[in-house]
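A short worksheet on the structure shown next.
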Amino acid sequence: MQIIMHVHRVYKTLGTPAFISQNTTHLACSLCMNYLTTCSALFIFQVTLEKVLGITAFGNRALACDPRSGLVAYPAGCVVVLLNPKKNKQHHILNSSSGHMPAVRVWDVTERTQVAELQEHKYGISCVAFSPNSKYIVSVGYQHDMIVNVWAWKKNIVVAANKVSSKVTAVSFSDDSSYFVTAGNRHVKFWYLDHTKSSKVNATVPLLGRSGLLGELRNNFFSDVACGKGHKAGSTFCITSSGLLCEFNDKRLLDKWVELRVSYFKLWVMFKELIFCGCADGTVRVFSPVNLHFICTLPRPHCLGTDIATVVEASHLFSHKMDARYPDTVAVSYDPASRWLSCVYNDHSLYVWDVRDLRKVGKVYSALYHSACVWSVEVSDGEQPCLPPGSFLSCSSDNTIRLWNTDGHSTTLSRNVISNDLQKIIYMDNNTAGLLDTECLNSGNGEKADPQTSETRTGIRTMCVSPDGQHLASGDRTGTLRIHELVSMEEILNVQAHDSEILCLEYSKPETGLKLLATASRDRLIHVLDAEQEYSLLQTLDEHSSSITAVRFAANDGKVRMISCGADKSIYFRTAQKSDEGTVFTRTHHIVRKTTLYDMDIDPTRKYAAIGCQDRSVRIFNISNGKQKKLYKGSQGEDGTVIKVQTDPSGLYVATSCSDKNISIFDFYSGECVATMFGHSEVVTGMKFTNDCKRMITVSGDSCIFVWRLAPELSISMRQRLSDLKQNGKPVQKTPPHKPCNLRYDKEVEEEEEEEGIEEEEEEDEEDMISPYMVSGCSAEEETGWYLRNTFVHKQYTEYTKHY
């Protein structure tokens, strides 16, 4: 996604700036929504994106500043984040990813609405730029697209176009809007606009282009370009990947160049009196546009592997270590009004520097995010003494586990100076290479890198917090199991538990009366460990014939159950027994379906298991007898696979993520969709409802974490359901047990198997699977709106929304 921000005259009376966002992938967007709605025609639930923890800006083309408002715009997945660095506030524009036509879009920033769209490119768009007079937008396609379009965006027509044979990575308009320059692989070309002809002719006219005279630098890769301003308006400045800063004169002739003397050169930005060059190792160097003389080097960001929890003063940030390694600068953007320079680094960190006085540069804002796929998220239930209320954990392929807290008003948190939201980073090893996103450097044209590149990386694949909040278990892609103490964040166990990546970890719940940890892997094995005996091995289960995607514990009917599902299309229901060797699990039911089973969650009543399937369905099984009780569609699209399922703390709703990158929330009992969400640019790999029932957190392969605020109606319904469960003596999963379950001693257990290929649905148990608030004998419309007629909702809604 490429972003430019510009104040244009069409909104001058309202004072509203606008910017362009454009999707560079083949699955570019064709529809936008500012809020999410239900799939039901009867009700609309507004689920809003509250916070984005992530950034996916791969170059200058994906970073912009608005001098009038001070906003910094950058992409995070399919969302454009509008950041106010001074107030640390975000606004968002949700850009959908439906359709197969790349598009250039213009948005009103204040209203966050789309005002124009251009679809002329076929393969993808490398870069876009506004003309300074706001009349035109130029867009350059991918190398295979080979098209340069000049678009009179207010009229929604292409006024000029031409072909370009080289790979183009940057474009810049002249100060008087009379021409623009493109730069790329052995390519610097000047394109001239005939304003008189383009304004009179409605048809697209050929775009006149003249190549720059490169001389002895003709074999260089020109990674960025900027046209001069003020008294240097006739000059054009370029930077090469070999480390040269070049100046072309008004005759397109290469006039002079200087060496930057650093190892990597990618991006830069220019203002009237300064040239900023982003370089390797966190370096940003400043030059004079008059004679290309070096002025100074700006401060570098944090070094890789920094324990951010200890960086509580600004002096700690600027005290550099010997032999420290720093992330490379991949994007820079300058705000001439505030004189702030925004820099993005390839560890997915963002810094805003105050450069009013180059002898005393200060930090205005900074943030640090995951640099690779985020695999899982765990939330604090508020009762765990080791995690502050409202905190959550995430694990990633960047080989870190990170502790977050987005409550900016909390007085119990110890803040650091690097990030307002990130509290702690657990590094799994001393290898800092995994913290860098190498695709930032390799995808200079905006095209997606080979997905196999990320698959070769190590990283944390899954994690789970013990019910008492004392331990954090994590499993990585090599099969290593680690246990950390949450108080000290120190590692207390590191063992090679599996031969392949660990796909699922699960602690037994308190109501089971046991303290067990189950690990499931791609190697087809489940290990059951005793958490009270230093995680000693109790049992290894090998019934599955393929990867095990999920394993769960549940206390049901006075027994301790373990349920697992996998890519072998099987579901195994097991019951715990006491034996001479300790607690063991014996199979009681084996169910086979026609489709791969990707994820599973247990509802808070511990009666049902919800399983997400490859055929886009959610199947509900009775834990006691293993029978399928219900089946409904788990995605609103016609393509894709249900990857993840997650029930809310009350058990009223179940959230699903599909391989089409969309998220849906369904009524657990009726299967009716109550909300859909989008915004991630890759598959959603993890979801969790917060325990206050107000938010849902999603993580994705795009390295971003989204915090969604649920509609008040949904939150009220969940809270009422939780209250009813406690009053009826049916504690939810995280409530301490009243009485531990008794383990069975009999060794002969009834086994019930269904042959593969049998897909007949069981009749629903009307007594069990009826919605807890459903009124018998009511119409379908009344059933759908049960929550609106619930006495509690009517009574509490007004008061609740006052504090929401």
Side-chain angles (χ1 to χ4, degrees), residues 2-5 54-67 70-76 81-86 88 170 223-224 226 239 245 260 262-271 274-287 295-304 306 308 311 314 317-318 320 324-358 360-369 371 417-420 422 435-441 444 703:
Q2 315 299 324
I3 297 177
I4 57 175
M5 184 176 286
I55 184 170
T56 53
F58 292 148
N60 272 2
R61 303 175 306 279
L63 182 68
C65 296
D66 176 21
L71 294 177
V72 178
Y74 57 86
V81 180
L82 305 174
L83 171 70
N84 186 322
K86 199 68 174 177
N88 186 28
S223 57
D224 222 328
I239 195 171
L245 174 60
L260 298 179
V262 282
S263 57
Y264 165 74
F265 325 91
K266 176 85 171 173
L267 302 158
W268 73 313
V269 68
M270 174 190 170
F271 195 57
L274 298 172
I275 297 176
F276 297 97
C277 298
C279 309
D281 209 30
T283 303
V284 177
R285 293 195 169 168
V286 187
F287 293 84
I295 297 177
C296 69
T297 299
L298 298 186
R300 291 189 288 192
H302 60 279
C303 61
L304 296 175
T306 296
I308 66 166
V311 186
L317 179 62
F318 297 112
H320 300 300
R325 185 180 178 185
Y326 296 87
D328 298 331
T329 313
V330 296
V332 287
S333 183
Y334 184 65
D335 180 353
S338 302
R339 304 197 71 173
W340 292 348
L341 183 71
S342 300
C343 300
V344 176
Y345 303 91
N346 69 339
D347 65 343
H348 287 218
S349 60
L350 169 66
Y351 279 71
V352 180
W353 303 102
D354 186 342
V355 294
R356 285 176 292 185
D357 185 354
L358 292 177
K360 191 177 180 181
V361 176
K363 182 177 74 69
V364 179
Y365 173 87
S366 63
L368 176 59
Y369 306 115
S371 60
V417 299
I418 295 180
S419 174
N420 295 306
L422 184 58
L435 301 173
L436 301 177
D437 186 354
T438 55
E439 293 183 11
C440 289
L441 311 183
S703 78

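This is a predicted model, so every value here is computed, not measured.
Expressed to the nearest 0.5 Å, how far OG1 of T56 lies from NE2 of H348 amounts to 7.5 Å. From L436, atom CG reaches atom CZ of R325 across 5.0 Å, with rounding to the nearest 0.5 Å.
Counting heavy atoms from C-beta outward, V72 and V81 have side chains that stay 4.5 Å or more apart. Side-chain contact between L304 and P327 is present, with at least one heavy-atom pair separated by less than 4.5 Å. A heavy-atom distance below 4.5 Å is not found between the side chains of L368 and T306. Proximity of Y334 to V355: side-chain heavy atoms (C-beta onward) are separated by under 4.5 Å at one or more points. Here the side chains of V344 and Y74 are not in contact, with every heavy-atom distance at 4.5 Å or above.
Counting only N and O atoms by type, the side chains of D347 and S349 include a donor and acceptor under 3.5 Å apart.
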Verify side-chain contact (heavy atoms from CB on, under 4.5 Å) between Y365 and L350, making sure each step is shown before the conclusion.
CA-CA 8 Å; Y365 173 87; L350 169 66; 4.0 Å; yes
Go through the steps to decide whether N60 and V332 satisfy the test side-chain contact (heavy atoms from CB on, under 4.5 Å), and finish with yes or no.
CA-CA 6 Å; N60 272 2; V332 287; 3.7 Å; yes
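In terms of modelled atom types and a separation under 3.5 Å, the side chain of T329 and the main chain of C279 share a donor-acceptor contact.
Residues satisfying the ring-ring contact (aromatic ring centres under 6.0 Å, His included) criterion with W353, sequence neighbours excluded, are Y351.
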